[in-house]
Amino acid sequence: MADKILIIDDSMVARRMLKTCIPKNKGYEVFEAVDGRDGISKFKELRPDIIFMDLTMPVLDGYKAIEIIREIQEDAIIIVTTADIQPKSISSAMALGAFTVLKKPAKASSIQDAIAKAALKIETLRENRMNDEAGIVFSEEEKDVLQEIMNIAFGNAAADLAEVVDIYVLLSVPSIHIVSIGALPAYLKETLNSEAPNDIVEQKFWGEFKGSGVLVFPAGAGRDLISVFEKMGAGDDKNAPEDIFEQGGMQELGNILIGACVGKVSELLDTFVTYSPPRIFQEDISDPNCLIEHFDPLQVGGQAVLGRQI
């Protein structure tokens, strides 16, 4: 998720209108600049994740400001908001490296959609930087192969789950991310956007390829599982403490989902794996070291392939 947004516009009204369109529940810090020169100065000081840029401004216009900012940071994300929507103006802004161009006054939905797309771009850029630092290189074709394998694996897992629990799982296109193990806690913290401790099921597997399957449950998911199992008549043991029943349900769910995903990958690769029993632990993802401690020391220097599908 992006953290800082800089609005560069000489109109106080335009800046105020744009600020009202930025989601209030995402934790963004919003800063303002009154012209292109001021915007460049604020950019150097703040290094914002997203910039909203007007084109027609005194002192230094948006075209020149885009050019200078992109010279400072080639992958800077600049969303142009302008009343000048002539085709030549739009093409000139895009040629200079603008992320997109929005017509003034932009609707709140357009602003929020642009921010959401920019946030995805930022996530990809951050992953690429982490991968470069860790020496991890995957081609787009290799990532496409991983995506298709995980798509089949998640479908297999959903089918297995539906046989055990009477639910329908809505699947989307899997999102594949490759990060170093050391960067995994920060990635999960950013992705989950949760300050509460999370229940995590981990299951190790080994064979011709080995690793750990990790299934993260958001806070309170265990209580939701109890209600599902009770509807199925599986929660009738009144003697079992609720927390034990919650953990047992999450372990069983983890065993089904991790086993189905890894098993399908193994099947597609024409090999086999052996599994350890699943284990559950509760972690505060805000602690950057908590999750790493649960991995084998030999794994910590490696990389994680993350498949997310909801």
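The figures here come from the full heavy-atom set of this structure, side chains too, leaving out hydrogens, waters and symmetry mates.
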Members sharing I40's hydrophobic cluster, built from side-chain contacts under 4.5 Å between Ile, Leu, Val, Met, Phe, Trp and Tyr, are L6, I8, F31, F43, L46, I51, M53, L55, M57, L60, Y63, I66, I68, I69, I72, I78, V80, I85, I90, M94, L96, V101

Tell me if a side-chain donor or acceptor on N255 pairs with a main-chain N or O of Q251 at a distance below 3.5 Å. no

Checking L18 against D9 for the side chain to side chain contact (heavy atoms under 4.5 Å, CB included) test, could you report, in this order, the C-alpha distance in whole Å, the side-chain angles of both residues, the deciding distance, and whether it holds? CA-CA 10 Å; L18 204 157; D9 198 308; over 6 Å; no

F205 vs T274, test: side chain to side chain contact (heavy atoms under 4.5 Å, CB included). Steps then yes/no. CA-CA 5 Å; F205 55 89; T274 303; over 6 Å; no

Checking side chain to side chain contact (heavy atoms under 4.5 Å, CB included) for the pair L102/T81: CA distance, chi angles, key distance, verdict? CA-CA 5 Å; L102 303 179; T81 55; 4.3 Å; yes

Looking only at atom types and distance, does a side-chain atom of T82 sit under 3.5 Å from a main-chain N or O of D54, one as donor and one as acceptor? no

Give a yes or no on whether the backbone of S266 and the side-chain of T271 come within a donor-acceptor separation of less than 3.5 Å. no

Non-hydrogen atoms of C21 and Q112 that approach each other most closely: O-NE2, 3.0 Å

Using modelled atom types and a 3.5 Å cut-off, is there a donor and acceptor pairing between side-chain atoms of Q203 and backbone atoms of P277? no

Please tell me if the side chains of F52 and V30 come closer than 4.5 Å, counting only heavy atoms from C-beta onward. no

Other members of the hydrophobic cluster containing M12, with the 4.5 Å side-chain heavy-atom rule, please. none

Applying salt bridge (charged side-chain N to carboxylate O under 4.0 Å, His left out), run through D3 and R47 and close with a yes or a no. CA-CA 10 Å; D3 300 314; R47 289 304 172 112; over 6 Å; no

Any idea which heavy atoms bring G213 and I258 closest together, and the distance? O-CD1, 3.4 Å

Nearest atoms (heavy-atom pairs only) where D10 meets T56: OD1-O, 3.4 Å

Passes side chain to side chain contact (heavy atoms under 4.5 Å, CB included), E267 versus F272? Steps please. CA-CA 7 Å; E267 178 187 325; F272 70 93; over 6 Å; no

Checking D61 side chain against K64 main chain: does a donor-acceptor pair fall under 3.5 Å? yes

Distance (rounded to the nearest 0.5 Å) between I5 CD1 and I50 CD1: 5.0 Å

Reported CD1-to-CE distance for the pair I111 and M17, which is rounded to 0.5 angstrom: 9.5 Å

Roughly how far apart are R16 CZ and S11 OG, rounded to 0.5 Å? 9.5 Å

To the nearest 0.5 Å, how far apart are CD1 in I122 and NZ in K117? 14.5 Å

With salt bridge (charged side-chain N to carboxylate O under 4.0 Å, His left out) as the criterion, how do E32 and R15 come out once you've worked through the C-alpha distance, each side chain's angles and the decisive distance to 0.1 Å? CA-CA 7 Å; E32 300 179 33; R15 295 196 304 270; 2.6 Å; yes

To the nearest 0.5 Å, what is the distance between NZ on K24 and NZ on K19? 9.0 Å

Kindly check if the number of other-residue, nucleotide or ligand heavy atoms within 6.0 Å of CD (E74) is above 12? no

With a 4.0 Å cut-off, would you call R70 and D75 a salt bridge? no

With the threshold set at 4.0 Å, does a side-chain nitrogen-carboxylate oxygen contact exist between K121 and D49? no

Using a strict cut-off of less than 4.0 Å between a Lys/Arg side-chain nitrogen and an Asp/Glu carboxylate oxygen, indicate whether R279 and E202 qualify as a salt bridge. yes

For residues D84 and S89, report the shortest heavy-atom separation together with the two atoms involved. OD2-OG, 2.8 Å

In terms of heavy-atom contacts, V201 and G254 come closest through CG1-CA, 4.0 Å

Is the backbone N or O of A106 less than 3.5 Å from a side-chain atom of S110, with the two atoms forming a donor-acceptor pair by type? no

Can you tell me how far apart SG (C261) and CD1 (I152) are? Round to the nearest 0.5 Å. 11.5 Å

Heavy atoms only: give me the nearest K26-P23 pair and the separation to one decimal. CG-CB, 3.7 Å

